[in-house]
Student: 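Please see the structure below; I have some questions.
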Amino acid sequence: MGRLLAIDGLNIVRRVYEASPEPDSDLKAEIALRHALNSFRTLINGHEPTHVLPAFDYGGTTWRHALYGGYREARAPMPAPLRAALPGFYAKLETFGLRPVSLPEVEADDVIGTVVMRWLKQERGEAVVASTDKDLHCLIAHGALVWDHFRSEWHDHAWVESKWGVPPAQLPDLLALMGDATDSIPGVSKVGLKTAAKLLRTYGTLDAIMAGAGILKDAVGEALRKEREMLYLSRQLVELKTDVTVGVSWNMLAWER
């Protein structure tokens with residue numbers, strides 16, 4: 001059986017870059033990408049995959065922006081020196097034997113979600129996602145594991161429940177309820193992590209929560225009824241798109257040791 005290693009490329013690159021307190025510069029980008037390349041090597045050597053998917057955000061607007069104009073409006077743009085250096089980094093990955101994937105109008109999360117789900121449905125073996133992105137943790141519900149490269153720790157069902165109070169399958173509903181400030185997804189006012197988790201433990205799904213919202217006489221019930229439309233829009237925004245036309249075959253992603 002094989003092992004797919006899906007690497008959330010900019011999750012690695014940006015965290016390495018931002019770890020340095022130095023001001024933005026070409027030199028800072030060069031040093032960060034050198035360290036990021038070493039991180040990729042460490043991931044591959046540590047997980048010994050048969051296939052590797054290095055996925056990167058393309059940049060610009062995506063299908064989520066088309067749904068909601070305020071999507072990611074509070075997020076700082078990528079520093080110009082780092083963006084300018086990325087094509088050279090992709091070239092180095094290719095020299096190393098990898099096939100970076102970056103597609104317009106979709107995010108790296110969607111590429112990873114599509115490829116991981118396809119891999120698991122075809123029963124090709126284990127799937128490991130290298131990322132700290134909470135959105136990708138829902139893939140654990142389908143059999144994937146998430147690896148935090150920076151803490152050198154596995155994230156599984158138990159980790160997700162301990163962290164967020166719900167199992168991986170309910171993460172999209174949780175994020176829709178509480179919102180996600182990182183991506184400027186509003187969620188429902190008056191609903192934070194603890195309230196969202198409690199609602200899901202009680203009712204199970206968003207639809208069930210909304211079916212019972214009429215009997216909730218507190219501020220949370222009022223907010224749910226008033227912000228129903230935004231809740232379901234938030235749910236669309238947090239969900240991974242898993243039908244992306246990726247344009248690569250398993251042979252293209254095969255890792256030659």
Student: Working to the nearest 0.5 angstrom, can you tell me the gap between Asn45 CG and Glu48 CD?
Tutor: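 These two atoms lie 8.0 Å from each other.
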
Student: If only atom types and distance count, is the side chain of Lys190 paired as donor or acceptor with the main-chain N or O of Ala219 below 3.5 Å?
Tutor: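 Flag not set: sc Lys190 to bb Ala219 has no pair under 3.5 Å.
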
Student: Could you pull out the closest heavy-atom pair between Phe96 and Ile44, with the gap in Å?
Tutor: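 Shortest heavy-atom separation between Phe96 and Ile44 comes out as CE2-CD1, 3.8 Å.
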
Student: Applying side chain to side chain contact (heavy atoms under 4.5 Å, CB included) between Leu98 and each of Leu53, Leu253, Leu93, report the one that passes.
Tutor: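 Only match with Leu98 under side chain to side chain contact (heavy atoms under 4.5 Å, CB included): Leu93.
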
Student: Would Leu120 and Val246 show up in the same hydrophobic cluster when neighbours are defined by side-chain heavy atoms closer than 4.5 Å?
Tutor: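 In one cluster: yes.
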
Student: Distance-only, no hydrogens or angles: does the Thr62 side chain make a donor-acceptor pair with backbone N or O of Glu107 under 3.5 Å?
Tutor: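 Side chain of Thr62 to backbone of Glu107, a donor-acceptor pair under 3.5 Å: no, none is there.
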
Student: Please check: side-chain N/O of Ser20 versus main-chain N/O of Val16, any donor-acceptor pairing under 3.5 Å?
Tutor: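 Not confirmed, Ser20 side chain does not pair with Val16 backbone.
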
Student: Would you confirm whether Gln170, through its side chain, and Gly204, through its main-chain N or O, come within 3.5 Å as a donor-acceptor pair?
Tutor: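 Yes, the answer is positive, given that a donor and an acceptor are paired below the 3.5 Å cut-off.
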
Student: Rounded to the nearest 0.5 Å, what separates atom OG1 in Thr50 from atom CZ in Arg124?
Tutor: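 Result: 9.0 Å between the selected atoms.
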
Student: Of the options Trp255, Trp154, Phe40, which is the one that meets His47 in a ring pair (Phe, Tyr, Trp, His ring centres under 6.0 Å)?
Tutor: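 Only one of Trp255, Trp154, Phe40 forms a ring pair (Phe, Tyr, Trp, His ring centres under 6.0 Å) with His47, namely Trp154.
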
Student: Could you check whether Asp57 pairs with Arg14 (Lys NZ or Arg NE/NH1/NH2 to Asp/Glu carboxylate O, under 4.0 Å)?
Tutor: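 Between Arg14 and Asp57 there is no salt bridge, as every charged N stays at least 4.0 Å from the carboxylate O atoms.
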
Student: Show the nearest heavy-atom pair for residues Trp119 and Arg3, with the distance to one decimal.
Tutor: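 It is CZ2-N, 3.6 Å.
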
Student: Give, for atom CZ of Arg75 and atom CG of Asp183, the distance between the pair rounded to the nearest 0.5 Å.
Tutor: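 Between Arg75 CZ and Asp183 CG, I get 4.5 Å after rounding to 0.5 Å.
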
Student: Closer than 3.5 angstrom, by distance alone: can the side chain of Thr202 be matched with the main-chain N or O of Lys198 as a donor-acceptor pair?
Tutor: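 Indeed, once roles are kept as given, a pair shorter than 3.5 Å links the two residues.
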
Student: Using every non-hydrogen atom in the two residues, find where Asp8 and Ile112 come nearest and quote the distance to one decimal.
Tutor: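 Nearest heavy atoms, Asp8 then Ile112: CA-CD1, 3.8 Å.
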
Student: Measuring from atom CZ of Arg99 to atom CE of Met252, what distance do you get when rounded to the nearest 0.5 angstrom?
Tutor: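 The CZ atom of Arg99 sits 5.0 Å away from the CE atom of Met252.
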
Student: Could you see if Val128 belongs to whatever hydrophobic cluster contains Leu139? Use Ile, Leu, Val, Met, Phe, Trp, Tyr and a side-chain cutoff under 4.5 Å.
Tutor: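 No.
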
Student: If you draw a 6.0 Å radius around CD in Glu161, do more than 12 non-hydrogen atoms from other residues or ligands fall strictly inside?
Tutor: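 Check passes, neighbour count above 12.
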
Student: Could you list the residues that satisfy side-chain contact (heavy atoms from CB on, under 4.5 Å) with Pro168, not counting sequence neighbours?
Tutor: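 Partners of Pro168 by the side-chain contact (heavy atoms from CB on, under 4.5 Å) criterion, ordered by chain and then number, come out as Ile140, Ala141, His157, Val160.
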
Student: Would you please name every residue forming a salt bridge (charged side-chain N to carboxylate O under 4.0 Å, His left out) with Asp173, sequence neighbours left out?
Tutor: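 Salt bridge (charged side-chain N to carboxylate O under 4.0 Å, His left out) check on Asp173 returns Arg235.
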
Student: Is it the case that one hydrophobic cluster holds both Leu10 and Ile12, taking links as side-chain heavy atoms less than 4.5 Å apart, direct or via other members?
Tutor: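 Same cluster.
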
Student: If you count every heavy atom of other residues, nucleotides or ligands that lies below 6.0 Å from Glu105 atom CD, does the total exceed 12?
Tutor: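 Open.
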
Student: For residues Ser184 and Gly70, report the shortest heavy-atom separation together with the two atoms involved.
Tutor: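 For Ser184 versus Gly70, the nearest heavy atoms are CB-O, 3.3 Å.
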
Student: Do side-chain atoms of Ser234 reach the backbone of Leu177 as a donor and acceptor pair under 3.5 angstrom?
Tutor: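 The answer is no, because no donor-acceptor pair under 3.5 Å joins these two groups.
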
Student: Is Leu43 reachable from Leu4 through a run of I, L, V, M, F, W or Y residues, each pair having side-chain heavy atoms under 4.5 Å apart?
Tutor: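 Different clusters: Leu4 never reaches Leu43 through Ile, Leu, Val, Met, Phe, Trp or Tyr contacts under 4.5 Å.
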
Student: What pair of heavy atoms forms the shortest contact from Pro81 to Asp26, and how long is it?
Tutor: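 Closest pair (atom of Pro81, atom of Asp26, distance): CB-OD1, 3.6 Å.
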
Student: Quick one: pull up CG in Asp243 and CE in Met117 and give me the separation to the nearest 0.5 Å.
Tutor: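 Reported to 0.5 Å precision, the distance equals 11.5 Å.
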
Student: Is the shortest side-chain heavy-atom distance between Tyr58 and Val106 below 4.5 Å?
Tutor: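 No, every pair of side-chain atoms sits at 4.5 Å or beyond.
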
Student: List in chain and number order the residues that pass ring pair (Phe, Tyr, Trp, His ring centres under 6.0 Å) with Tyr71, two or more places apart in sequence or in another chain; answer none if no residue qualifies.
Tutor: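 Applying ring pair (Phe, Tyr, Trp, His ring centres under 6.0 Å) to Tyr71 gives His65.
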
Student: Apply side-chain contact (heavy atoms from CB on, under 4.5 Å) to the pair Met210 and Leu231, showing each step before the final yes or no.
Tutor: CA-CA 10 Å; Met210 294 311 298; Leu231 169 61; 3.5 Å; yes

Student: Could you tell me whether Arg64 and Asp109 make a salt bridge, using a distance below 4.0 angstrom between a side-chain N and a carboxylate O?
Tutor: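 No salt bridge links Arg64 with Asp109.
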
Student: Of the non-hydrogen atoms in Val146 and Ser131, which two are nearest, and what is the gap between them?
Tutor: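 Val146 and Ser131 have their closest heavy atoms at CG1-O, 3.3 Å.
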
Student: For residues Tyr90 and Tyr17: do they belong to one hydrophobic cluster (side chain heavy atoms under 4.5 Å, members Ile, Leu, Val, Met, Phe, Trp, Tyr)?
Tutor: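 Yes; Tyr17 is reachable from Tyr90 via cluster members.
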
Student: Under the criterion side-chain contact (heavy atoms from CB on, under 4.5 Å), I'd like the reasoning laid out for Met78 against Leu86: C-alpha separation, chi angles, the key distance, then a yes or no.
Tutor: CA-CA 11 Å; Met78 183 183 298; Leu86 281 178; 3.7 Å; yes

Student: Counting only N and O atoms by type, is there a donor-acceptor contact under 3.5 Å from the side chain of Asp148 to the main-chain atoms of Glu153?
Tutor: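 Side chain of Asp148 to backbone of Glu153, a donor-acceptor pair under 3.5 Å: no, none is there.
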
Student: Carefully, step by step, assess Val115 and Trp250 under the rule side-chain contact (heavy atoms from CB on, under 4.5 Å).
Tutor: CA-CA 10 Å; Val115 174; Trp250 295 129; 3.7 Å; yes

Student: Give, for atom OG of Ser39 and atom CG of Leu37, the distance between the pair rounded to the nearest 0.5 Å.
Tutor: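 Here the interatomic distance stands at 8.5 Å.
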
Student: Take a 6.0 Å sphere around CD of Gln122 and say whether it holds more than 12 heavy atoms from other residues, nucleotides or ligands.
Tutor: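 Yes.
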
Student: Would you check if Lys134 and Leu171 make a side-chain contact, meaning some heavy-atom pair closer than 4.5 Å?
Tutor: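 No, every pair of side-chain atoms sits at 4.5 Å or beyond.
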
